[in-house]
Amino acid sequence: MNDSLSLLPATRNGGRLLATVCTGGLLLSSAFLQAENNDPDVTLDPVSVNALRVEQPKSDVPSNITVIDREDIIRSGATNLPEILRDRANMHFSSLSGPASASLDARGFGTSSMQNTLIIVDGRVVTRPDIGSFNWTQFPLESIENVEVLKGAHTALYGDRASGSVIKITTRKGSEERESAIQGSYGSFQTENLRVSTSGQVEQLGYTVGADYFYTDGYRDFSNQRNRSANVGLDFQATEDLSVYGSFNYLQSDYNLPGGLTEQQFQDDPEQSGSFLSTFEERYLNLAGGLLGDDTGYGIFRLEGGGVFRQLDNRNNFGGFTDTDLDTFTVSPTWTFEQGDNTLLLGLDFIRDELDVEGDTGFNSYEADLVRNRYAIFGQLTRHFTENWIGSVSGRHETARLRVDYEDSNPAESYQDSTRDNEQAFGLGLTHLINENARAWVRFEHYYRYPATDEIAGYQGGNAFLATNFNSDLKPESGQTIEAGGELTHENWFFSVNPFVTRVKDEIFFDSTGSINTNFDHRTLRYGSEFALRYDESQWGVGVQYRYLRGEERGGSSKGQRIAIIPEHLLQTTLSLRPTDILTVNFNARYRGRFDSANGGLGQQDSNPTGDLRRIGGSTIFGIDARLAVSSDLEIFTSLENLTDKNYTNFVETSFAAFGGDAYYPEDGRALSIGARYRF
């Protein structure tokens, strides 16, 4: 078999649609990009980003990047980050019950999507090293300055988990003028949200302080959640060439998961809870710090790092429990050298995960101590060949070591073991700035993904059901992705297109027939395209975001089968009306295409050799929101989600058939909220 990337498989089993989307999109892009611009004041987005770990204009970066700034977050009226990423970046989420257990899928990795998503806050890795649910509510919106969404593989610069997307969160820094605000909202399901913040600067010391309270009864029975958080940030300009910063964030998050429903229960009453109930008590302490030395002739030096300390306690209604202390430490120094048309970035990453696990399944009790260290060296060279052509090459070498010490009440299940892996990634990119209003780009990346800690090791009490306690034969995933894109800003128009193909080798899945995590002996394929179009006038605007994505197996007994939990079509449209300077009304519709149900569990890819997965139909959800500026300091906002009270789901699991049927996890029904924000 040829291990090199090939586009030929994309022309089969649905490839005609891919060819139509990509070819049509690129032809349309080319036509637009060559258009004559009659308004010299309209240019490509001038925003600077740190997407490639070097601050540079967004237009120079060969990647699909969405920047969500603080004003976008405020205007959204959202109470959590998944809502913002869904609406602003057309990203797809599936969950067991709300944002406390949501799984993001940017490039079609299905049930292993969070193992292919890297989340970074102020230079710190906060993604969990295991396959446990990720709590998105640990990021208070009031503390966020901006979010950069990098779709596609960026492993060469960011390492493990950056194979599907990277979410970079930058927290607020102090402002020269004091800014203070209080925001509150109330809505359906007794949902309450109160946020307060202030920021300012005293001589060279900037500060930001905030607090957030959130409570909801939840759409379903036994789905209530309560969050309380506080954050403090300080930044100090020590000298003209040296600045330092530090931040502190604490969150208490208590929530319930109501379990899955059978198909009949889902149809009859989606608000009811299932038979398996779980209660979570989670505590997060996030510490971050950094040092930035401006260019003094020896390059720009940046040192960022910190720690995430988590206490994750879980109880279920069958008497089982799991208590986990999960800490992650990150240190990342980088050096950037600029000489003429060349920019060289060199850096190191050190990431340490420590897990202490204690629990009881009702059949046995257990304790586990795990440590995973990752060391990496990486670099990137960017060259401006001309004013309009920019090229880049990047590379990374990373070593991962995992040690597990597991003790079980059944001595035969206890073990001590370790593993070590070395992987490399590299990327190539080329950007063409056609004119001040248009750009086109292409990029290639070879990437990898290490197995999650509990994909290798059994340490949560169920080892008797596994073929082996420690699977040292499990190999890292690897693959190649190639994508292209074009953007145009022309008078009141914005247009972008981004076709892509990703081929994965040794993809990790859970083999239910053998009760073991293993690697596919054949490749899997993802291909598709993203498209965005906006038009804005002073009194109205319209926007369209569309994603076509198909994932399938390319060999074995399941050849041609779709990858689970991947909707082929995501379409989002928005109509904005601004009848006066103080009132904005948005009408939106979101379409999620059909998908195949999972056959293993949220957090792991699964095998389905029998081909009996359930096909879940598409759904269209309507909403409306409005914002009224009563004065320069006071705004009132309201929203109505799921206007038609549609009964729908983004996650269905077939593996529970032996326990009474498929497991459906309903999304929220109709929800009304109203709130206000006051600046002082």
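Position 1 is the first residue of the sequence, and the numbers go up from there. Note that these values count all heavy atoms, side chains included, but never hydrogens, waters or copies made by symmetry. Keep in mind that this is a model prediction, so the values were computed, not measured.
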Check: Thr117 side chain, Ser113 main-chain N or O, donor-acceptor pair, under 3.5 Å: yes
Inter-residue atom distance Asp596.CG - Arg562.CZ, 0.5 Å rounding: 6.0 Å
Pair Tyr366-Tyr459, ring-ring contact (aromatic ring centres under 6.0 Å, His included): steps then yes or no: CA-CA 8 Å; Tyr366 55 91; Tyr459 56 84; 8.6 Å; no
Ring geometry between Phe318 and Phe276 (parallel below 30°, tilted from 30 to 60°, perpendicular above 60°): parallel
Val121 and Thr171, any side-chain heavy atoms less than 4.5 Å apart: yes
Ser95 side chain vs Ser101 backbone, donor-acceptor pair below 3.5 Å: no
Close side-chain approach of Ile508 to Thr518, heavy-atom, < 4.5 Å: no
Student check: side-chain heavy atoms of Ile84 and Val147 closer than 4.5 Å: no
Salt bridge Arg220-Glu271, side-chain N to carboxylate O under 4.0 Å: no
Exercise: do Asn517 and Asn471 side chains pair donor with acceptor under 3.5 Å: no
Verdict with reasoning, Arg161 to Asn116, per side-chain hydrogen bond (donor to acceptor under 3.5 Å, both in side chains): CA-CA 4 Å; Arg161 301 291 181 103; Asn116 291 274; over 6 Å; no
Short N-O contact, Glu507 and Arg526, less than 4.0 angstrom: yes
From Tyr450 atom OH to Gln115 atom CD, the distance as rounded to the nearest 0.5 Å: 16.0 Å
Lys475/Asp506 salt bridge by N-O under 4.0 Å criterion: yes
Side chains of Tyr186 and Thr191 in contact at under 4.5 Å (non-hydrogen atoms): no
From CZ (Arg107) to OG (Ser165), nearest 0.5 Å: 8.5 Å
Residues Asn249 and Asn231: side-chain donor-acceptor under 3.5 angstrom: no
Note, Tyr406 side chain near Asn463 side chain (heavy atom, < 4.5 Å): yes
Short N-O contact, Arg677 and Glu142, less than 4.0 angstrom: yes
Minimum side-chain heavy-atom gap Asp405-Asp417 below 4.5 Å: no
Phe329 ring center near Phe309 ring center (under 6.0 Å): yes
Donor-acceptor pair between Gln264 and Asp268 side chains, under 3.5 angstrom: yes
Heavy-atom closest pair, residues Ile120 and Val126: N-CG2, 4.5 Å
Interatomic spacing from CD in Gln225 to CD in Glu282 - rounded to 0.5 Å: 9.0 Å
Side-chain touch Val504/Phe520, heavy atoms, less than 4.5 angstrom: no
Charged N-O contact under 4.0 Å between Arg75 and Asp625: no
Residue pair Asn256, Ser223: steps toward the side-chain hydrogen bond (donor to acceptor under 3.5 Å, both in side chains) verdict: CA-CA 5 Å; Asn256 298 323; Ser223 65; over 6 Å; no
Partners meeting side chain to side chain contact (heavy atoms under 4.5 Å, CB included) with Asn642 (sequence neighbours left out): Ile621, Thr644, Lys646, Tyr648
Side-chain ion pair, Lys168 and Glu148, N-O less than 4.0 Å: no
Short N-O contact, Arg547 and Asp105, less than 4.0 angstrom: no
Value rounded to 0.5 Å, distance of CG in Asn80 from CG in Leu141: 7.0 Å
4.5 Å side-chain heavy-atom contact, Asp212 and Leu251: no
Contacts of type side chain to side chain contact (heavy atoms under 4.5 Å, CB included), residue Arg315, not counting sequence neighbours: Asp313, Phe321, Asp323
Mutual orientation of the aromatic rings belonging to Phe93 and Trp136 [parallel < 30°, tilted 30-60°, perpendicular > 60°]: perpendicular
Matching residue for Tyr255 among Phe280, Phe214, Tyr215 - test: ring pair (Phe, Tyr, Trp, His ring centres under 6.0 Å): Phe280
Test side-chain hydrogen bond (donor to acceptor under 3.5 Å, both in side chains) applied to Asn227 and Thr137, step by step: CA-CA 8 Å; Asn227 285 354; Thr137 65; 3.0 Å; yes
Lys/Arg-Asp/Glu bridge criterion (N-O < 4.0 Å) met for Arg590, Glu641: yes
Tyr250 and Arg228: side chain donor to acceptor below 3.5 Å: no
Closest non-hydrogen atom pair, Asp122 against Ser247: OD2-OG, 3.9 Å
Donor + acceptor pair across side chains of Ser103, Ser94 (<3.5 Å): no
Polar side chain donor-acceptor pair, Ser414 to Asp408, under 3.5 angstrom: no
From Ser188 atom OG to Tyr219 atom OH, the distance as rounded to the nearest 0.5 Å: 11.0 Å
